[in-house]
Amino acid sequence: MAELIQRSFYARSAVVVARDLLGHWLVREIAGVRLVGRIVETEAYLGEEDAASHAFRGPTPRNRSMFGPPGHAYVYLIYGMHHCLNIVTGPVGKGQAVLIRAVEPLEGLDVMRMNRKGVPLRQLTNGPGKLCQAFAIDKTLDGHDLCLAQALWLEAGPPPQETICQGPRIGVRGDDKALSRPWRFFLKNNPFISPNSLNNHPCNASMHSDTR
DNA sequence: GTCAAGATTAGT
DNA sequence: CTAATCTTGACG
């Protein structure tokens, strides 16, 4: 098994972590069965300075895990029907997190297809709500420690060969500043990024793989 | 207590 | 473009 990602990785700015998360593996274990997805799209959310962030107005019962230690999950229900998975980053109390927007299925495809019946491979995990359904991630995992290698964690994957693109975040509200922030990161031309990102080429400031 | 809005998705 | 579906948080 690949190397477990340590807490020090998460204890940095959400913007940096969001980009560095591309190519790493999201691992879910259910009843001994292993599901793995390669992270191909993320979004960074900061704390009280970011009008698009759930943490913008300070801690509440829902977002309380955002203000906890880095390396934990923040999972919430949106539109009454879809769950979204975030990774808490940065210093305790800042309210930073990274939304996992899309992964490329690597292991446990059969279970993922079971959780999302009749869905084409390409659309199995190409959105924040879709990947949570495929990986059976819900609010019971809110606050879960990702550094324990239990139930849900991340492992280091090989550095991505694809170009890293960035652009404005999808579906967010807030002030003009928040809307203009290029804090969505994704792997160029990867078939498993969200439909929105696929249509969002050309990417803003393209850069190449990080110095992993 | 009330109520509008939501870091989405699938279907018309 | 719109419905689905229900929790949250702001306000009073």
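Checking A/Asp138 against A/Thr140 by side-chain atom types alone, a donor-acceptor pair falls below 3.5 Å.
Both tests hold for A/Arg12 against A/Phe9: distance to the six-membered ring centre under 6.0 Å, angle to the ring axis within 45°. For the pair A/Arg101 and A/Phe186, the cation-pi criterion (under 6.0 Å, within 45° of the ring axis) is not fulfilled.
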| Secondary-structure notation, DNA chain C, from Watson-Crick and G-U pairs under 3.5 angstrom (| other strand) | ||||.||||||.

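Of the residues in residues 120-133 of chain A, those lying under 4.0 Å from DNA chain B by heavy-atom distance are A/Gly127, A/Pro128, A/Gly129, A/Lys130. A heavy-atom distance below 4.0 Å to DNA chain C is reached by none of the residues of residues 44-53 of chain A.
A/Arg116 comes within 4.0 angstrom of the backbone, heavy atoms only, and of no base.
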| task | Starting from the C-alpha separation in whole Å, work towards a yes-or-no answer on salt bridge (charged side-chain N to carboxylate O under 4.0 Å, His left out) for A/Glu41 and A/Lys130. | result | CA-CA 13 Å; A/Glu41 181 173 339; A/Lys130 298 178 190 179; over 6 Å; no

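Residues A/Met66 and A/Asn86 form no side-chain contact, since every pair of their non-hydrogen atoms from C-beta on lies 4.5 Å or further apart. A/Ile5 has its side chain within reach of A/Tyr10: a pair of non-hydrogen atoms, C-beta onward, lies under 4.5 Å apart.
Each side chain to side chain donor-acceptor pair (under 3.5 Å) pair with one or both residues in residues 143-152 of chain A, not counting sequence neighbours, appears once here: A/Arg7-A/Asp145.
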| remark: Per-nucleotide protein contact along nucleotides 6-12 of chain C, 5' to 3', at a 4.0 Å heavy-atom cut-off (B base, S sugar-phosphate only, - neither), is BSSSS--

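Within a 6.0 Å radius of CD in A/Glu48, more than 12 heavy atoms belonging to other residues, nucleotides or ligands are found.
Taking for each of A/Gly171 and A/Val119 the nucleotide of DNA chain B with the nearest heavy atom, the 5'-most of the two is the partner of A/Gly171.
Comparing the same atom, P, in C/dT5 and in B/dT2 gives a spacing of 23 Å after rounding to whole Å.
We find the CG-OH distance between A/Asn63 and A/Tyr76 to be 11.5 Å, quoted to the nearest 0.5 Å.
In the 5' to 3' direction, nucleotides of DNA chain B lying under 4.0 Å from heavy atoms of chain A begin and end at B/dG6 to B/dA10.
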